[in-house]
Amino acid sequence: MKIAIACDHGGFALKEQLLPFVTELGYEYKDFGCFSAESVDYPDIAFSVAEDVAKGEFDRGILICGTGIGVSICANKVNGIRCALCGDILSAELTRKHNDSNMLAMGGRIIGIETAKAIVRTWLTTEFEGGRHERRVQKINSYK
Ligand code: RB5
């Protein structure tokens, strides 16, 4: 599974802590920055990564800003993206099972590293359930 990871300054510290954990889990990722805590505009980063996921260059994307809200709003504007803002493990599990989310957003100023690790592990390892959820996801996908 190819994973793209990116953040703004509000998510920088959490992203840096998460990268070794993603490797530990056995996944390869591309880090799209940012690469310091200097202020950047999260839409620039979120749109670019979401476009790459939508084009199929990556299977999944993980975005982190201060709250996770800004990056998730941006990602969900890109056709083909289903980005779930998660602050708890159950949401991470259910968004994979029910929404087949292909992007995960988290808030670096909202959750701590242990919660973030549990969310990432759950989100990366939980399969889409299909069935009745397939029809609903198709309805999302076909909306222009
Ligand atoms: C940046 O200060 C902050 O607005 C951003 O990280 C994010 O929380 C936006 O939703």
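Note that the coordinates shown come from a computational prediction; the quantities given were computed from them, not determined experimentally. One-based numbering, in listed order, for ligands and for the atoms of each. The figures that follow rest on heavy atoms only: side chains count, while hydrogens, waters and symmetry mates do not. Along the sequence shown, the residues carry numbers beginning at 1.
No donor-acceptor pair under 3.5 Å is formed between the side chain of Asp8 and the backbone N or O of Val71. Using modelled atom types, no side-chain atom of Thr95 and backbone atom of Ser91 make a donor-acceptor pair closer than 3.5 Å. A distance-only check finds a donor-acceptor pair linking the side chain of Arg82 to the backbone of Asp100 [under 3.5 Å]. Listed for the Lys97 side chain is no donor-acceptor partner under 3.5 Å among the backbone atoms of Thr126.
Other residues sharing a hydrophobic cluster with Ile73 under the 4.5 Å side-chain heavy-atom criterion for ILVMFWY residues are Ile69, Leu85.
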- Message: Would Asp52 and Lys30 count as a side chain to side chain contact (heavy atoms under 4.5 Å, CB included) here? Give the steps.
- Response: CA-CA 11 Å; Asp52 284 354; Lys30 180 167 176 185; over 6 Å; no

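In this structure, atom 5 (C) of ligand 1 lies nearest to the protein heavy atom Asp8 OD2, 3.2 Å. Distance from atom 3 (C) of ligand 1 to its nearest protein heavy atom, with residue and atom name: Arg109 NH1, 3.9 Å. Among all protein heavy atoms, the one lying closest to atom 4 (O) of ligand 1 is Tyr42 CE2, 4.3 Å. In this structure, the protein non-hydrogen atom closest to atom 1 (C) of ligand 1 is His9 NE2, 3.4 Å. Looking at atom 8 (O) of ligand 1, its nearest protein heavy atom turns out to be Thr67 N, 2.9 Å. When hydrogens are left out, the protein atom nearest atom 7 (C) of ligand 1 is Cys65 SG, 3.3 Å; that is the closest non-hydrogen contact.
Some N or O of Gly66 is nearer than 3.5 Å to an N or O of ligand 1, by distance alone. Backbone and side-chain nitrogen or oxygen atoms of Gly70 are examined, and one is located within less than 3.5 angstrom of a nitrogen or oxygen of ligand 1.
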